[in-house]
Amino acid sequence: MREPRENRIGGQLAARGLAPNKRFGQNFLTDEGILDQIIDAAELSPEDTVLEIGPGTGVLTRRIAEQARRLVAVEIDRGLAGMLQEEFSGDPRISVINADILKTDLREVFADVTSGSVKVIANLPYYITTPILLALLPQTELFSRFVVMMQREVADRMQAGPGNKDYGALSLIVQYYALPRIVTLVPPSAFYPQPEVTSAVLLLERPDRPPVSVEDPERMFALIRAAFGKRRKTLVNAVTGAPQLGIDADRLKQALADCGLAGNVRGETLTLADYAALTAHLT
Ligand code: SAM
C-alpha cells in the first residue's frame with residue numbers, strides 16, 4: 001500500500017533535519033486531485049515558461065517540469081531550495097533560486113523571455129499573498145496567467161464585485177490587471193501540516209485588452225483606496241478627507257456630476273469603469 005503523502009513529506013523533511021516552518025507559511029499540498037486541478041487550470045504547453053513561487057518540497061515543481069519548456073522556482077527556505085537544487089541539478093530547463101520572491105528582480109530573471117508570456121503557478125505563502133500579487137500583476141510585460149492557491153477569504157475579496165460585502169480596493173486593483181475566477185475551494189485536510197483556514201485556487205487571466213483605459217493607474221488606485229478607506233462615508237467625504245490626494249469637494253462633486261453619478265454615492269457602489277471615468281475627470 002502507498003504511504004500517505006503527508007508521512008512521505010514529513011519523512012523527506014526529517015531525513016534532511018528539516019521540519020515545516022510556520023514563519024515561512026509552509027503548508028505543503030498533499031492532495032493529488034488539487035494538484036491536478038492547479039496544473040489543468042494553468043493550461044501548460046511545451047512552449048511555456050513558468051515561475052513557481054515557494055516550491056517547498058517540489059510537489060508542484062515536478063508536475064510543472066513534466067510539461068513546461070522552462071521553469072524558475074524561487075524558494076526562501078535554504079534547506080528546501082537546496083533539496084530541489086540537488087534533485088533538478090541534471091535538468092538545465094529548471095532553475096531553483098534560493099531567494100525572497102519580494103526581493104527578486106524578475107525582469108532580470110526572465111530577461112530572455114518573449115513579452116508577456118510567463119505563467120505563474122504557486123501554492124502561495126499566505127502571510128504575503130497580497131504583496132506578492134500586487135507586485136507581479138502590474139508586470140504585464142512578463143506575466144500572462146496566474147494559478148495561485150491562497151486563503152479563501154483573500155480569493156473572495158479579489159473576485160468580488162459591487163454589492164458584495166467582500167468588494168473593496170483589492171478587488172478593483174486586481175480586476176484592473178486580470179480576470180479572477182475561483183477554480184476550487186480547498187479544505188485544510190489537503191495540506192500537511194493543516195492550516196486553520198479554507199483555501200482556494202484562484203485563476204487570474206489577463207484580458208486581451210485592459211478592461212478600462214486609464215492614463216495613470218496609480219492615481220486611480222489612490223482614489224479607490226481613499227474611497228474604501230472610509231467605506232461607510234460618501235465618496236465625497238471619504239476622498240476629501242484624504243489630503244494627500246489634493247482633491248477638494250467642489251471638484252469631486254463636479255466630476256461625479258460629469259460622470260452621471262449622484263453627489264452622495266458611496267465608493268463601494270462604484271464599478272471599475274466609474275473609477276476610471278472619475279480619474280479622467282479629476283486629472
Ligand atoms: N509549493 C509547496 C507545496 O505546494 O507543497 C509549498 C507551498 S507553502 C504554502 C509556501 C512556500 O513558500 C514554502 O515552501 C515557503 O518556504 C515559501 N516561501 C515563503 N515565503 C517566501 C518568500 N518570501 N519567497 C519565496 N518563497 C517563500
Side-chain angles (χ1 to χ4, degrees), residues 4-14 16-42 44 50-66 68 71-88 94-106 109-110 119-136 139 143 146-155 183-202:
R5 193 186 270 272
E6 53 270 36
N7 293 356
R8 268 185 283 149
I9 289 179
Q12 207 181 347
L13 293 173
R16 295 226 157 205
L18 302 172
N21 186 339
K22 245 190 159 162
R23 189 162 64 93
F24 289 147
Q26 292 179 355
N27 298 99
F28 302 107
L29 187 57
T30 55
D31 186 308
E32 293 283 345
I34 303 294
L35 276 171
D36 289 340
Q37 290 192 68
I38 292 174
I39 296 296
D40 288 351
L44 287 173
V50 176
L51 168 67
E52 187 189 359
I53 300 159
T57 61
V59 280
L60 270 169
T61 321
R62 282 173 212 109
R63 300 286 288 270
I64 300 164
E66 281 169 12
L71 165 61
V72 176
V74 179
E75 171 57 61
I76 199 169
D77 184 311
R78 197 181 326 150
L80 292 175
M83 197 163 92
L84 291 180
Q85 279 161 348
E86 259 174 47
E87 178 174 341
F88 290 106
I94 320 294
S95 311
V96 180
I97 301 175
N98 177 208
D100 179 340
I101 188 68
L102 292 174
K103 296 188 182 145
T104 305
D105 183 348
L106 295 167
V109 169
F110 293 111
K119 292 181 174 173
V120 177
I121 304 179
N123 172 11
L124 289 170
Y126 293 176
Y127 71 107
I128 44 169
T129 296
T130 305
I132 291 175
L133 288 176
L134 292 184
L136 267 57
Q139 300 191 48
F143 304 113
F146 299 71
V147 184
V148 277
M149 174 105 73
M150 62 187 68
Q151 214 173 311
R152 179 208 177 149
E153 189 190 76
V154 181
V183 174
T184 186
L185 297 180
V186 186
S189 59
F191 301 88
Y192 166 81
Q194 296 192 14
E196 279 159 19
V197 293
T198 297
S199 303
V201 176
L202 190 73

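Both counts, for ligands and for their atoms, begin at 1 and track the order of listing.
Of the listed options Gly54, Ala73, Pro195, Gly54 places a heavy atom closest to atom 11 (C) of ligand 1. Looking at Asp31, Ile38, Ile76, Ile101 and measuring to atom 18 (N) of ligand 1, the nearest heavy atom belongs to Ile76.
Counting only heavy atoms of the protein, atom 8 (S) of ligand 1 lies nearest to Gly25 O, 3.5 Å. At the shortest separation from atom 14 (O) of ligand 1 among protein heavy atoms lies Glu75 OE1, 2.7 Å. Looking only at protein heavy atoms, the nearest one to atom 20 (N) of ligand 1 is Tyr127 OH, 2.9 Å. In this structure, the protein non-hydrogen atom closest to atom 19 (C) of ligand 1 is Phe24 O, 3.1 Å. Scanning the protein heavy atoms around atom 3 (C) of ligand 1, the nearest turns out to be Asn123 ND2, 3.5 Å. The protein heavy-atom contact nearest to atom 23 (N) of ligand 1 is Asp100 OD1, 2.9 Å. Looking only at protein heavy atoms, the nearest one to atom 5 (O) of ligand 1 is Leu29 N, 2.9 Å.
Remark: ligand 1 atoms within the under-4.0 Å shell around heavy atoms of Val74 are 25 (C), 26 (N). Contact atoms of ligand 1 toward Glu52: 1 (N) (distance under 4.0 Å to a heavy atom of the residue). Residue Pro55 has at least one heavy-atom neighbour below 4.0 Å for each of these atoms of ligand 1: 1 (N), 2 (C). Shown in contact with Phe28 at under 4.0 Å from a heavy atom are these atoms of ligand 1, numbered in order with element: 5 (O), 6 (C). Near Asn27, the atoms of ligand 1 lying under 4.0 angstrom from a non-hydrogen atom of the residue are 7 (C), 8 (S), 9 (C). In the vicinity of Val59, heavy-atom distances shorter than 4.0 Å reach the ligand 1 atoms 3 (C), 4 (O), 5 (O). Here is the list of ligand 1 atoms found below 4.0 Å of a heavy atom in Leu124: 9 (C). Close contacts between ligand 1 and Gln26 involve ligand atoms 13 (C), 15 (C), 16 (O) [criterion: under 4.0 Å to a heavy atom].
In this structure, the side chains of Leu13 and Pro20 come closer than 4.5 Å at one or more pairs of heavy atoms. Side-chain contact check for Lys119 versus Leu51: every heavy-atom pair is 4.5 Å or farther apart.
Within 6.0 Å of CZ in Arg62 there are more than 12 heavy atoms belonging to other residues, nucleotides or ligands. With a 6.0 Å radius and a threshold of 12 heavy atoms from other residues, nucleotides or ligands, Glu153 has its CD atom at or below the threshold.
Side-chain atoms of Gln26 and Asp77 form a donor-acceptor pair, as typed in the model, at a separation below 3.5 Å.
The proximity of Ala99 to ligand 1, defined as any non-hydrogen pair under 4.0 Å, is limited to the backbone.
One finds the CG atom of Leu80 at 5.0 Å from the CD atom of Glu75 (value rounded to the nearest 0.5 Å). Summarising the geometry, atom CD1 belonging to Ile76 is positioned 13.0 Å from atom CD1 belonging to Ile97; distances are rounded to the nearest 0.5 Å.
Of the residues Thr130, Thr129, Ile128, Leu134, the one that meets the side-chain contact (heavy atoms from CB on, under 4.5 Å) test with Ile132 is Ile128.
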For a side-chain contact (heavy atoms from CB on, under 4.5 Å) check, start with the C-alpha distance between Phe28 and Val59, then their side-chain angles and the critical distance, and finish with the verdict.
CA-CA 8 Å; Phe28 302 107; Val59 280; over 6 Å; no
Run the side-chain contact (heavy atoms from CB on, under 4.5 Å) test on Val120 and Val50 for me, step by step, so that the C-alpha distance in whole Å, both residues' side-chain angles and the decisive distance to 0.1 Å come before the verdict.
CA-CA 6 Å; Val120 177; Val50 176; over 6 Å; no
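Contact check on Arg63 versus Glu32 returns a salt bridge, with a Lys/Arg side-chain nitrogen under 4.0 Å from an Asp/Glu carboxylate oxygen.
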